[in-house]
Number of protein chains: 2
Amino acid sequence: MTHALPYRTHNHAHCVTDAMDEARSLCQTAGTRLTQLRAQILELIWQSHRPLGAYDILAILNDQGRKAAPPTVYRTLDFLQGMGLVHRIASLNAFVGCSQPSHNHNGCFLICEECQNVLELSADSIRQAISKETGAQGFKVRETTLEIAGTCPACINKDGGKNGAQ
Amino acid sequence: MTHALPYRTHNHAHCVTDAMDEARSLCQTAGTRLTQLRAQILELIWQSHRPLGAYDILAILNDQGRKAAPPTVYRTLDFLQGMGLVHRIASLNAFVGCSQPSHNHNGCFLICEECQNVLELSADSIRQAISKETGAQGFKVRETTLEIAGTCPACINKDGGKNGAQ
DNA sequence: GCAGGGGATGGTATAGTGTTGCGTAAATAG
DNA sequence: CTATTTACGCAACACTATACCATCCCCTGC
Ligand SMILES: [Zn+2]
Ligand SMILES: [Zn+2]
Ligand SMILES: [Zn+2]
Ligand SMILES: [Zn+2]
């Protein structure tokens, strides 16, 4: 199978099974059900470190013989988002697995436009800067969308400045 | 007419005409044409400090007797974005006028979920924090999407903590 | 004035993304 | 085993965005 590895090398089989284990555990604790469908979709998302669109997921499900229509996918994604297991990337209309589902995380995403990999940062310093600015404005934050598109280190090295990276 | 004022009080008629003047001037300098349609759409967007969806704009245009189809609106929005005169808010699929079109600006947007007003910040300190983090990751930034949803000061005062604001 | 060229606009069709509503099935509770 | 809740299948629809082609307008050179 041809999935993308993230530019930070790691044991991908482990990373997927670890994520699934953690998801099971989190749902257990929360008293929610990680059903077969939910697990299947979460695993699909983790298999690809790339963001997957809802209709990408739909296509894969149907390939795998599971009959599904859009609402099935969106409902499941809603659940997974609610549990903090996946994030939606607004600038891509796509979804990625959350790497720190136990912590609360105002995700900050580094999106490589060449290899499509997404790295989620915790980025406390950014969060602090944001909270300082919004505080100064008297603005009460509910949710922060921070998505940074560019080129990852691996791709910068790979094409030696070819695509604007230097 | 029923447009929303931003929560920072200001002379709205001025703010719109100023924005239009600056737009004309910028296009003049750049050697591009701020045609009647482009000016009309830019003004529509400025009239409302709320983000307007492309189809909102389309509806208003048609109300105003100008026949338009989606591509007309999107083309015009592309132009205005290219000139830095409007920004697209990814988390809303909507567009707002840029308050500082002359400066380069990695827009940071405070979006009030009650009154729908959007305030664009320059937020140098946030930009610095982001650039520091991405630098540490060896990530080359092309574009930053920073959209903060919450409650603006005016709405916090208005409903005295009713909606989670305190 | 007249032809040519490039940017801007009109218009149809279609692709891509997300939601509503309702009925059925499966799991949990009593 | 029945009642209740929760999840799933499915059809239809709404919203967002793009591809493609034709026409028009404006400017320039002749
Ligand atoms: Zn992995
Ligand atoms: Zn990359
Ligand atoms: Zn104004
Ligand atoms: Zn407000």
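Naming convention: chains lettered A, B, ... in sequence-line order (proteins, then strands); numbering from 1 in each chain.
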Can you list the residues that meet the salt bridge (charged side-chain N to carboxylate O under 4.0 Å, His left out) rule with [X], with sequence neighbours excluded?
| X | result |
| --- | --- |
| A/Glu113 | B/Arg142 |
| B/Arg24 | B/Asp21 |
| B/Arg127 | B/Asp124 |

Taken to the nearest 0.5 Å, the spacing of A/Ile111 CD1 from A/Thr151 OG1 works out to 12.0 Å
Going 5' to 3' through nucleotides 7-16 of chain D and flagging B where a protein heavy-atom sits under 4.0 Å of the base, S where only the sugar-phosphate is that close, and - otherwise, we get SBBBB----B
Quick one: list whatever passes side-chain contact (heavy atoms from CB on, under 4.5 Å) with [X], sequence neighbours left out.
| X | answer |
| --- | --- |
| B/Asn11 | B/Ala13, B/His14 |
| B/Glu133 | A/Leu121, A/Ala123, A/Ser125, A/Ile126 |
| B/Ala30 | B/Thr32, B/Met83 |

Using the C1' atoms of five pairs at each end, what's the angle between the two axes of the helix from C/dG1-D/dC30 to C/dG30-D/dC1, to 10 degrees?
20°
Output every pair passing ring pair (Phe, Tyr, Trp, His ring centres under 6.0 Å) with a member in residues 50-81 of chain A, not counting sequence neighbours, ordered by first then second residue.
none
List, one per line, each side-chain donor-acceptor pair under 3.5 Å for residues 95-102 of chain A, sequence neighbours excluded.
| from | atom 1 | to | atom 2 | distance (Å) |
| --- | --- | --- | --- | --- |
| A/Ser99 | OG | A/Glu120 | OE1 | 3.4 |
| A/Ser102 | OG | A/Glu22 | OE2 | 2.4 |

Pair up each side-chain donor or acceptor in residues 63-72 of chain A with any protein partner under 3.5 Å, not counting sequence neighbours, and list the distances.
| from | atom 1 | to | atom 2 | distance (Å) |
| --- | --- | --- | --- | --- |
| A/Gln64 | OE1 | A/Gln40 | NE2 | 2.8 |
| A/Arg66 | NH1 | A/Gln36 | OE1 | 2.4 |

Can you pull the contact range of chain B along DNA chain C, 5' to 3', using atoms under 4.0 angstrom from its heavy atoms?
C/dG7 to C/dT12
